[in-house]
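Protein chains get the first letters and strands the later ones, always in sequence-line order, with residue 1 at the start of each. All of these numbers come straight from a predicted model, not from anything done at the bench.
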Number of protein chains: 2
Amino acid sequence: MPSGFAHAELIAVLVAVTANEPRVMTLRGGEALPYGPFESKHRSLQSGLRAWIESQTGHPVGYLEQLYTFADRDRDPQNPEEMNGARHISIGYLGLVREQDAAGDGRPAWHDWYRYFPWEDHRDRHPEMLDAIAARLQQWAKDDPLRQQRAEYLFGLNGKAWNEDLVLQRYEMMYEAGLADGAGQESRAVFGQPMVGDHRRILATGITRLRAKIKYHPVVFELMPESFTLLELQRTVEALSGLRLHKPNFRRQVDQQDLIEETGEMSSGTGGRPAKLFRYRPAILEAQSLSGARLPVSRG
Amino acid sequence: MPSGFAHAELIAVLVAVTANEPRVMTLRGGEALPYGPFESKHRSLQSGLRAWIESQTGHPVGYLEQLYTFADRDRDPQNPEEMNGARHISIGYLGLVREQDAAGDGRPAWHDWYRYFPWEDHRDRHPEMLDAIAARLQQWAKDDPLRQQRAEYLFGLNGKAWNEDLVLQRYEMMYEAGLADGAGQESRAVFGQPMVGDHRRILATGITRLRAKIKYHPVVFELMPESFTLLELQRTVEALSGLRLHKPNFRRQVDQQDLIEETGEMSSGTGGRPAKLFRYRPAILEAQSLSGARLPVSRG
DNA sequence: CTTCTTGTACTCGGTTTGAGTATATATCCA
DNA sequence: TGGATATATACTCAAACCGAGTACAAGAAG
């Protein structure tokens with residue numbers, strides 16, 4: 001087999017938010033992400049994947065973005081022989097689909113993504129699991145000040161602030177420390193549900209990307225129904241970020257962006273005062289930047 | 001050839017900044033980016049590519065990041081038969097190397113990247129070429145209000161502000177309009193030096209990524225020598241972003257980030273008052289975020 | 001010693017952001 | 001019927017940040 005040839009496939013992190021929980025599409029009882037070889041009939045990977053996903057979920061993909069190409073040599077320790085010398089390449093994609101209506105005929109299974117990363121949900125309480133993780137990490141790092149410092153930073157220990165964007169880096173440190181996968185040292189407890197091969201890492205990559213993206217690009221709306229209340233929008237962002245947001249400020253931000261408009265209708269009250277319904281305004285192309293970082297430009 | 005097998009290679013956008021000009025490494029007299037099949041001997045793509053680059057340039061790569069995987073069917077219209085059915089995949093990387101000392105023995109050629117995108121340099125004047133481009137675009141869009149609006153947004157026409165981050169989107173629109181490549185309609189002038197296949201698009205992807213990245217991650221320092229003055233740092237950022245920055249504000253920002261420290265030495269005056277020399281402080285891991293986007297978090 | 005060029009410190013007003021308060025309008029249930 | 005409860009929505013206020021500009025310091029060049 002000539003060098004330069006490889007076995008290549010697509011793998012997708014498909015996200016939906018239902019009932020304020022972020023969900024991800026899985027196979028094999030939740031232990032694998034959907035994947036498959038790509039067909040050559042479509043012009044671009046993007047369009048081929050889009051068609052495939054729609055056939056699988058029965059729903060159009062609102063947003064699709066390439067995530068990362070995974071190609072390290074020891075990716076899949078399960079069958080190293082099968083590919084007789086060729087490298088194994090997976091091109092990962094992140095896709096957002098609108099709320100799926102209760103799992104359809106049931107083949108694709110959607111699972112709460114916090115099942116795989118329980119320590120990432122800081123909406124209602126500080127996850128207790130974090131204390132156990134911190135203890136194990138501290139032991140792992142006890143002879144290495146750099147590791148300690150990094151653990152503090154990544155996991156918000158010793159008064160450091162929690163940064164919701166560091167999903168992948170946290171997972172990688174846990175993996176290194178043997179807390180993520182039973183493969184190496186199987187005696188001790190492992191945190192979060194494992195997945196096949198490196199699928200959990202790929203999922204972490206997807207979550208990381210999405211958490212970063214919602215801050216400066218209005219992709220959340222790809223997860224919302226046609227019309228929604230401001231609180232529903234907020235709950236969706238909270239579900240993704242794993243944080244509770246400050247309601248008045250959230251509203252103000254959304255308002256300033258000019259991304260939504262009233263539909264004129266009201267929500268059919270689910271317990272409190274009815275709320276105005278809004279719809280997304282594909283605001284003059286994707287011109288908006290939900291708070292783009294700035295350089296100190298000079299005029300003249 | 002079974003579906004799922006593909007011809008795979010690496011392609012690199014290698015950037016350095018010399019004499020306040022952003023340069024990119026090229027082959028074939030500046031018409032191609034460096035590329036090649038990957039070797040299987042290294043554990044990860046990253047480490048293999050790193051070794052390869054260092055052997056080519058004679059310099060260590062400071063920063064290396066995966067860019068994008070290009071795999072569309074009609075990527076390389078030059079030799080569609082050669083791969084008998086297998087798809088052609090290129091995994092693109094962005095690499096930053098420190099100032100190369102005057103091109104060494106000359107094999108790898110470094111070229112100012114504005115040679116390929118002359119309209120992207122707004123440091124000293126509004127590029128005249130933009131007017132010609134605007135005219136051609138306006139004609140191309142004259143029957144389509146959406147195209148018009150998008151052109152205004154992308155190219156800062158009719159009083160709209162110029163956004164330096166939209167390099168790739170601008171290039172893609174020009175490509176669509178037939179302004180980027182002589183292949184389609186060869187009669188009219190084409191803007192910027194073309195490259196082989198889709199290499200120019202890949203370069204645009206790299207520039208886009210880098211311009212976005214310098215705003216929230218301190219990667220600029222990978223392009224700087226050991227010690228440098230604040231103005232040198234500013235000039236480097238300006239070279240990359242294609243903008244002039246406001247000096248006092250730039251200094252304030254850099255100061256606040258706590259990313260650099262004085263070396264104690266002074267610059268050997270190149271014309272004016274000597275400046276303090278600074279060095280990068282690998283500030284407590286990559287904890288810094290040069291102005292991270294915020295969500296309106298709530299406490300409690 | 002004057003002018004040029006670059007470096008460095010400071011000011012000032014407008015905008016954004018974090019945090020909190022007050023009030024409106026529904027449903028639920030005793 | 002009339003709280004209690006839950007949600008919706010409008011304001012306030014101070015701190016931080018940012019864009020823009022000014023003033024002055026210090027070496028180099030003529």
Side-chain angles (χ1 to χ4, degrees), chain A residues 20 124 161-164 215-216 227-238 241 243-278 288-300, chain B residues 20 124 161-164 215-216 227-238 241 243-278 288-300:
Chain A
N20 296 335
D124 294 324
W162 172 262
N163 182 343
E164 78 279 6
K215 290 186 189 160
Y216 54 86
S227 72
F228 48 84
T229 70
L230 290 179
L231 187 57
E232 286 165 356
L233 183 62
Q234 180 178 343
R235 292 280 178 257
T236 302
V237 174
E238 289 174 339
S241 66
L243 298 173
R244 275 285 164 238
L245 304 182
H246 185 274
K247 183 149 54 165
N249 291 348
F250 179 80
R251 286 158 156 276
R252 180 173 57 188
Q253 261 200 13
V254 171
D255 238 49
Q256 287 171 348
Q257 308 292 136
D258 235 41
L259 293 176
I260 60 179
E261 61 191 5
E262 303 184 11
T263 67
E265 322 230 320
M266 304 288 278
S267 74
S268 51
T270 56
R273 168 177 169 182
K276 288 181 189 156
L277 286 175
F278 292 83
Q288 355 58 0
S289 65
L290 209 125
S291 152
R294 285 175 266 271
L295 287 174
V297 184
S298 87
R299 316 233 164 276
Chain B
N20 296 334
D124 293 323
W162 172 262
N163 182 343
E164 78 279 6
K215 290 187 190 160
Y216 54 85
S227 72
F228 47 84
T229 70
L230 289 180
L231 186 57
E232 286 165 358
L233 183 63
Q234 180 178 341
R235 291 282 177 255
T236 302
V237 173
E238 289 174 339
S241 66
L243 298 173
R244 276 283 165 239
L245 305 182
H246 184 274
K247 184 150 51 168
N249 291 347
F250 179 80
R251 287 159 155 274
R252 180 173 58 190
Q253 263 200 13
V254 172
D255 238 50
Q256 286 171 349
Q257 307 292 137
D258 235 40
L259 294 176
I260 60 179
E261 61 190 6
E262 303 183 11
T263 66
E265 322 227 321
M266 303 290 276
S267 75
S268 50
T270 56
R273 169 179 168 180
K276 287 181 191 157
L277 286 175
F278 292 84
Q288 354 59 357
S289 64
L290 209 124
S291 152
R294 286 175 263 271
L295 287 174
V297 183
S298 88
R299 315 232 166 278

May I have the distance from [X] (atom [atom1]) to [N] (atom [atom2]), rounded to whole angstrom?
| X | N | atom1 | atom2 | answer |
| --- | --- | --- | --- | --- |
| F250(A) | dT16(C) | CZ | P | 18 Å |
| E262(B) | dG7(C) | CD | P | 14 Å |
| E265(B) | dG7(C) | CD | C1' | 18 Å |
| L233(A) | dT7(D) | CG | C1' | 16 Å |
| L245(B) | dT6(C) | CG | C1' | 17 Å |
| R244(A) | dT7(D) | CZ | C1' | 14 Å |
| D255(B) | dA9(C) | CG | C1' | 11 Å |
| Q257(B) | dA16(D) | CD | C1' | 14 Å |

Answer yes or no: is there a side-chain heavy-atom contact under 4.5 Å between D124(A) and R244(A)?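 Yes, close enough: below the 4.5 Å cut-off.
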Close side-chain approach of V237(A) to F250(A), heavy-atom, < 4.5 Å: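 The answer is yes, as the side chains (C-beta and beyond) meet within the 4.5 Å cut-off.
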Before accepting this row, confirm whether a basic side-chain N of the pair R235(B)/E232(B) lies closer than 4.0 Å to the acidic partner's carboxylate O.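 Salt bridge: no.
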Partner residues of R251(A) under the side-chain contact (heavy atoms from CB on, under 4.5 Å) criterion, sequence neighbours left out: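 R251(A) satisfies side-chain contact (heavy atoms from CB on, under 4.5 Å) with L230(A), K247(A) only.
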Got a donor-acceptor contact below 3.5 angstrom from the E262(A) side chain to the K276(A) backbone?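 Looks like no, no N/O pair under 3.5 Å.
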Does atom CD (E265(B)) have a neighbourhood of more than 12 heavy atoms from anything else shown, all under 6.0 Å?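 Result for CD/E265(B): open.
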Within the sub-3.5 Å range, which N or O atoms of nucleotides 8-11 of chain D have a protein N or O partner, and how far apart are they?
residue : atom : partner : partner atom : Å
dA8(D)  : N3   : R273(A) : NH1          : 3.2
dT9(D)  : OP1  : K276(A) : N            : 3.3
dT9(D)  : OP2  : R251(A) : NH2          : 3.0

